Amino acid sequence: MEFDMIIHNGLIVSDTTVLPLGNEIGVKNGKISCIGMSLPSGPKTERVDAEGAYITPGGVDAHVHLAQTNAPTGDTWETGSRSAIAGGTTTILAFASQKRTDTSLIPVLDDYYQKARGQSYADYGFHFILTNPTRDILQKEFPIMANEKGVTSVKLYMTYEPMKLTDRDLLDIMISCRALGLTTMIHAENSDMIALIIEGLERNGNTDPFYHAIARPRIAEDEASYRAISLAELVGAPILIVHMSSKVAVEHVRHAQARLLPIHAETCPHYLFLLSENLKSKPSDHFCGAMHVCSPPLRHRVEDLEDLWQGIANGTFTVFSSDHAPSKYDHPGGKKLGLVNGIPMFSKIPNGLPGVETRLALLFSESEACLPPAEARLSLPRFVQLTSTNPAKMYGLGGCKGSILPGYDADFVIWYPTSSDQAPTEITQKMLHHGVDYTPFEGVKIRNWPRYTILRGKVVWNRDSGKVLGEMTYGQYLKRGKGEVLVGKSSLTPRGMLDNERDMWMPKR
Ligand code: URP
Ligand code: ZN
Ligand code: ZN
């Protein structure tokens with residue numbers, strides 16, 4: 001058999017180890033065919049020389065907002081997915097967002113799918129954002145989504161007026177998701193605490209962007225995270241708490257994990273690198289803090305960042321996603337919606353930060369690939385777990401995405417060799433490929449960058465030539481299988497309950 005591509009002279013990183021130099025990757029028909037030494041080339045084999053650099057799986061970014069109807073000024077699928085591959089991410093999972101008035105998910109998925117189809121440089125799938133969980137949806141449409149459409153995860157909000165669900169809704173959905181093997185993602189912030197604070201801030205005229213960080217204190221995330229864990233424990237369901245930013249909330253997760261509950265956690269680059277001081281106004285632009293408005297908000301102290309780095313290193317976090325949620329800054333329908341008659345009103349600023357392109361480089365730069373062991377924040381296998389392998393498994397793409405193993409899609413990032421001085425040293429808006437007009441990471445230091453991105457055996461990004469080489473029609477829709485539970489066990493009896501107590505009331509499907 002003649003390989004289509006052989007990648008040689010690189011250090012292949014898996015979620016458990018780094019293979020020594022000499023191991024090569026043979027690719028055939030877009031799949032990894034084998035890993036071996038001295039693989040034979042044929043006349044048509046494309047040989048890619050990694051020049052001694054690390055080779056990691058193509059990034060899987062499981063939390064990306066693109067072309068959502070409630071955020072119309074940010075990225076299209078074209079710009080968002082282009083940005084993804086230029087940053088080494090080959091798979092993105094975006095959201096199809098149900099409106100409260102939608103009584104069926106089928107047209108919602110169709111609508112979002114039509115926006116993405118033929119418009120994506122990266123492979124992609126969808127999670128649902130569920131805001132109106134009717135009986136019909138849970139009982140009739142969830143099985144269709146899971147078994148026919150390949151949508152095997154939902155995101156639930158405990159905050160935001162147009163989206164938030166009651167605890168009872170959360171319980172009903174968790175029960176349905178558990179029965180079908182769907183992954184439940186939860187945005188955990190206490191809505192009433194936040195509403196009370198916003199009211200008080202506005203009453204006192206405290207409406208600048210910085211007050212967004214005051215309006216959503218850590219305790220709101222801590223309480224809601226603990227509540228989400230308790231609800232999940234009651235019904236024996238696995239969950240993933242998304243975009244975590246607070247030490248105490250992360251401790252709740254860690255304690256739950258220690259009890260073998262299937263509680264997964266996600267954090268994002270901005271909670272590791274950025275502080276709330278970014279939301280303050282500058283003499284040159286009093287509204288610029290809006291560029292850093294996201295929820296949960298950026299926290300106040302360097303120790304807040306440190307606490308999250310600990311969760312990266314000690315295994316509490318299961319996945320590391322961008323939460324790419326793009327809104328243009330200088331656009332009346334974007335962040336400037338928060339300027340009401342010229343007056344800043346933080347509560348009207350669209351939430352979210354762009355970051356799909358910068359996610360991998362930021363984390364890789366803090367790994368042992370770029371720093372001596374004493375300074376490195378994480379090992380290379382841990383980098384691969386967080387950015388590729390775990391999100392692929394959790395969201396039903398195990399066996400196909402997120403690992404460099406025979407039979408998997410030939411999706412890779414080849415980095416610059418450690419000794420190279422070709423990689424950029426700080427992030428600038430100018431170097432990025434998204435459609436947003438700023439990056440919240442402007443000036444943040446990095447130590448490497450994806451030199452090549454390869455998607456299903458095709459080089460789609462070559463930074464040396466400064467080019468996205470892929471095509472907008474190349475990205476494929478991924479029908480996902482059921483997600484794997486990566487932490488603990490489902491169905492454990494909650495503390496203090498009798499072994500068969502839950503069977504007395506749990507609905508049977
Ligand atoms: O601020 C954020 N994260 N906005 C995007 C929507 C969400 O809650 O993930
Ligand atoms: Zn969220
Ligand atoms: Zn989000």
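As the structure is a computational prediction, the values presented were derived from the model and not from experiment. Counting begins at 1 with the first residue of the sequence.
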Q: Taking the six-membered ring for Trp and the full ring for Phe, Tyr or His, determine whether the centres of Phe273 and Trp309 are under 6.0 Å apart.
A: yes
**Q.** Arg218/Asp304 ion pair, N-O < 4.0 Å
**A.** yes
Q.
Aromatic contact between Phe317 and His264, with the criterion being ring centroids under 6.0 Å apart: yes or no?
A. no
Q. With Gln385, which of Leu486, Asn390, Leu378 fulfils side chain to side chain contact (heavy atoms under 4.5 Å, CB included)?
A. Asn390
Q.
Less than 6.0 angstrom separating the ring centers of Phe364 and Trp415, yes or no?
A. yes
Q: Measure the shortest side-chain to side-chain distance between Lys393 and Thr389 over non-hydrogen atoms and say whether it is less than 4.5 angstrom.
A: yes
Q.
Over 60° means perpendicular and under 30° means parallel, so tell me whether Phe95 and His127 are parallel, tilted or perpendicular.
A. tilted
Q) Quick one: are Leu353 and Asp323 in side-chain contact, heavy atoms under 4.5 Å? A) no
Q. Is a salt bridge present between Lys44 and Asp4, judged by a nitrogen-to-oxygen distance below 4.0 Å?
A. no
Q) When you look at Arg447 and Glu366, which way does the salt bridge (Lys or Arg N to Asp or Glu O under 4.0 Å) test go after all the steps? A) CA-CA 8 Å; Arg447 300 180 180 86; Glu366 298 296 319; 3.1 Å; yes
Q. Charged N to carboxylate O under 4.0 angstrom, Arg377 versus Glu306?
A. yes
Q.
Can you tell me how the ring of Phe441 sits relative to the ring of His270, calling it parallel under 30°, perpendicular over 60° and tilted otherwise?
A. tilted
Q: Establish, yes or no, whether the cationic atom of Arg456 lies under 6.0 Å from the six-membered ring centre of Tyr474 and within 45° of the ring axis.
A: yes
Q: Verify the distance criterion only: is there a donor paired with an acceptor across the side chains of His243 and His187 at less than 3.5 Å?
A: yes
Q) More than 12 foreign heavy atoms under 6.0 Å from CD of Gln310: is that the case here? A) no
Q. If you count the non-hydrogen atoms of other residues, nucleotides and ligands that lie under 6.0 Å from OH in Tyr226, is the total more than 12?
A. no
Q: Can you label the angle between the Phe126 ring and the Tyr124 ring as parallel, tilted or perpendicular, going by 30° and 60°?
A: perpendicular
Q.
For Arg117, is the CZ atom crowded, meaning more than 12 foreign heavy atoms sit under 6.0 Å from it?
A. no
(Q) Can you confirm whether Lys328 is buried at NZ, in the sense that more than 12 heavy atoms of other residues, nucleotides or ligands lie under 6.0 Å from that atom? (A) yes
